Amino acid sequence: MRNEEVARLLREMGDLLELRGESSFKVVAYRRAARTVESMKEDLEAIAGRGELEAIPGVGKAIAGKISEFLETGRIEARDRLLQETPPGLAELLQISGLGPKTVSMLHQKLGVSTVAELEVAAREHRVRRLPRMGPTSEKNILRGIERWKKRSSRIPLGVALPLAQEILGHLRKVEGIGDLNVAGSLRRGRETVGDIDILATSPAPEAAIRAFVSIPVVEEVLMKGPTKASVIVEETIQVDLRIVDPRSFGTVIQYFTGSKEHNVKLRHVALSKGYSLSEYSLTRLADGEELFFDREEDLYHHLGMDWIPPEIREDEGEVEAALEGRLPRLVEPSDIKGDLHVHSDWSDGRHSIEEMVRAAQGLGYEYMAMCDHSHGLGIANGLAEDRLREKMELIRGLNEAAEGFAILVGTEVEIRADGKLDYPDEILSECDVVVASVHSGYHQREREMTNRIISAMESEHVDVIGHPTGRKIGEREAYEVDLERVLEAAARTGTAMEINAHPSRLDLNDRWSRRARELGVKLAINTDAHSTCGLSAMEYGIKTARRGWLERKDVLNALGLADLMKYLERG
DNA sequence: GCCGTTTTCGGCCCGACTGTTTTCAGTCG
């Protein structure tokens with residue numbers, strides 16, 4: 001698979017062209033092509049073999065030529081030349097907020113600056129302020145930008161951004177005059193990480209709302225503040241933008257700022273095909289220039305002859321076509337979830353007792369919960385030896401007799417050993433209601449070995465769910481090498497469910513593979529893997545991921561009521 | 001550089017904000 005390498009080179013060319021001050025449309029064209037190539041399932045070599053490179057959306061004659069060149073020679077001459085002509089380090093300067101291609105080129109030409117370190121020195125020595133259209137303030141801003149760049153973490157995990165946004169929304173809700181109020185951007189779409197937090201609101205007194213926003217206690221720095229919008233920094237590096245918008249345009253504005261870019265491009269095409277031009281402010285009828293305003297997003301989509309599209313699937317991955325044809329999925333919702341099939345207690349490495357976990361689950365309105373403590377092979381997590389598991393089964397039987405309208409399921413999170421064998425014998429696994437099988441060791445196996453290891457676990461008749469199937473931790477640890485396509489095929493064949501681990505640092509399976517699983521007819525279990533009562537609330541993140549994967553209620557194992565779930569678990 | 005029921009050229013988002021100016025270029029989203 002050389003797709004990723006090609007995507008990297010195309011994206012790099014986009015950066016280099018931007019530094020040269022080439023047309024921004026050209027720059028965007030390279031980045032768009034890079035994105036498409038990266039997300040393609042099929043090998044570029046196969047496509048090139050059929051002579052169909054130019055059929056790839058966003059790839060025309062020029063880029064197709066460069067891709068073939070790479071496939072044949074391993075190089076792209078134009079890219080090598082660009083790289084040679086551009087001092088290394090300049091691309092990095094573009095990452096400093098406030099610096100664009102024009103300024104970076106000028107800094108390089110006039111001051112010989114080609115790295116962040118050199119720029120910092122130049123600014124401290126007040127050499128920057130002597131350049132045209134520069135002054136003491138821009139110099140100071142550059143230094144602040146450099147400070148933030150040094151502290152920057154990459155993208156913000158959803159598990160950090162969402163609670164933070166909710167806190168800020170809570171403050172804004174109390175501000176006099178605030179009407180509509182919502183997050184937009186990738187946070188609204190529920191992506192696993194977000195770049196920043198976008199908030200939109202309406203108010204008859206925009207300036208007062210902006211003043212209230214920049215004085216919320218969590219705000220550490222105000223980057224920009226105008227009459228209708230402001231940008232601030234919270235928690236050292238997280239940027240939060242607020243825009244106050246005209247109420248009659250709220251629907252078009254929130255649609256626009258929710259994105260994704262690709263979805264919006266597609267939507268504008270639809271609008272044009274129906275004789276309208278769509279902007280963030282209105283829908284303009286081309287025939288007579290009549291402007292139509294929408295205060296509700298739903299009305300905008302309906303006016304374009306399509307169903308309202310849930311934000312989580314606005315990625316131009318077929319949702320626009322589906323909405324036009326009235327065949328959007330009815331995505332799984334929080335109220336569909338009837339239980340949690342993977343939680344821990346203080347019997348292994350959880351913080352709370354079974355009773356405490358049960359009370360918390362009942363409080364969420366669940367019908368059941370599977371207590372899946374670790375098996376003894378995971379000694380570091382106080383895994384249960386067989387006799388302790390039996391003891392725990394006894395306790396749960398007793399608790400179930402006392403529990404009204406709630407079922408505690410006996411479960412285990414059993415280790416899949418390096419050789420693919422399970423950490424408990426069949427006999428005791430057969431006594432469990434729910435068996436989640438997971439990999440927690442031997443992460444560095446080769447792809448073939450790891451894939452076979454997981455598949456052999458699925459071939460056990462007792463395994464119901466594969467826990468966190470790729471082992472990745474967002475921003476911490478890469479997924480282990482595994483051929484998920486083969487794993488999912490095996491899941492379909494053996495009737496094993498895949499977990500969407502809802503912990504915000506896992507979200508594993510991710511959105512894309514969840515969708516693939518659904519296509520193959522594999523069931524998914526959205527589990528929190530909670531190690532404490534408050535861990536149960538992570539379900540929210542798992543549901544967002546499931547929705548991004550186009551999952552409906554019928555695709556989700558723990559959307560089954562207790563009776564149907566038991567029937568399913570007892571099959572075969 | 002890509003694209004096309006607007007079709008081989010001309011459009012592709014454009015308005016808000018900042019810091020510098022003295023009327024506007026550059027950046028951002």
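Letters A, B, ... mirror the listed sequences (proteins, then strands); counts begin at 1. Worth saying up front: this structure is predicted, and the values here are computed from it rather than measured.
A gap of 24 Å separates the P atoms of B:dC17 and B:dC12, to the nearest Å. Of the P atoms belonging to B:dA16 and B:dT20, the separation is 22 Å, rounded to the nearest Å.
Which of B:dC2, B:dT18, B:dT20 sits closest to the side chain of A:Ala29 comes down to B:dC2. Candidate nucleotides B:dC17, B:dG1, B:dG29 were compared by shortest atom distance to the side chain of A:Thr228, and B:dC17 ranks first. When distances are taken from the side chain of A:Pro101 to each of B:dG1, B:dT27, B:dG29, the shortest belongs to B:dT27.
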Show the distances under 3.5 angstrom between N or O atoms of the protein and N or O atoms of nucleotides 13-15 of chain B.
unit_1 : atom_1 : unit_2   : atom_2 : d
B:dC13 : OP2    : A:Arg268 : NH2    : 2.5
B:dC13 : O2     : A:Tyr256 : OH     : 3.1
B:dC13 : N3     : A:Tyr256 : OH     : 3.0

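The pair A:Glu478-A:Arg472 fails the salt-bridge criterion, with no side-chain N (NZ, NE, NH1 or NH2) lying under 4.0 Å from an Asp/Glu carboxylate O. Using a 4.0 Å cut-off between charged side-chain N and carboxylate O, A:Arg296 and A:Asp180 make no salt bridge.
Pairing for B:dT8 is absent, with no Watson-Crick or G-U wobble pair whose two atom distances lie under 3.5 Å.
Mapping A:Ser97 and A:Leu286 onto DNA chain B by nearest heavy atom places A:Leu286 closer to the 5' end of the strand. Where A:Gly100 and A:Met224 meet DNA chain B, the nucleotide closest to each residue was compared, and A:Met224 sits on the side nearer the 5' end.
For residues 120-137 of chain A, the set of pairs meeting the side chain to side chain donor-acceptor pair (under 3.5 Å) definition, not counting sequence neighbours, comprises A:Glu120-A:Arg124, A:Glu120-A:Lys150, A:Glu125-A:Arg127, A:His126-A:Arg129, A:His126-A:Glu139, A:Arg129-A:Glu139.
Residue-level contact check: A:Gln239 touches the backbone only, with heavy atoms under 4.0 Å from sugar-phosphate atoms and none from bases. In this structure, A:Val28 reaches neither bases nor backbone, as no heavy-atom distance under 4.0 Å exists between it and the strands shown.
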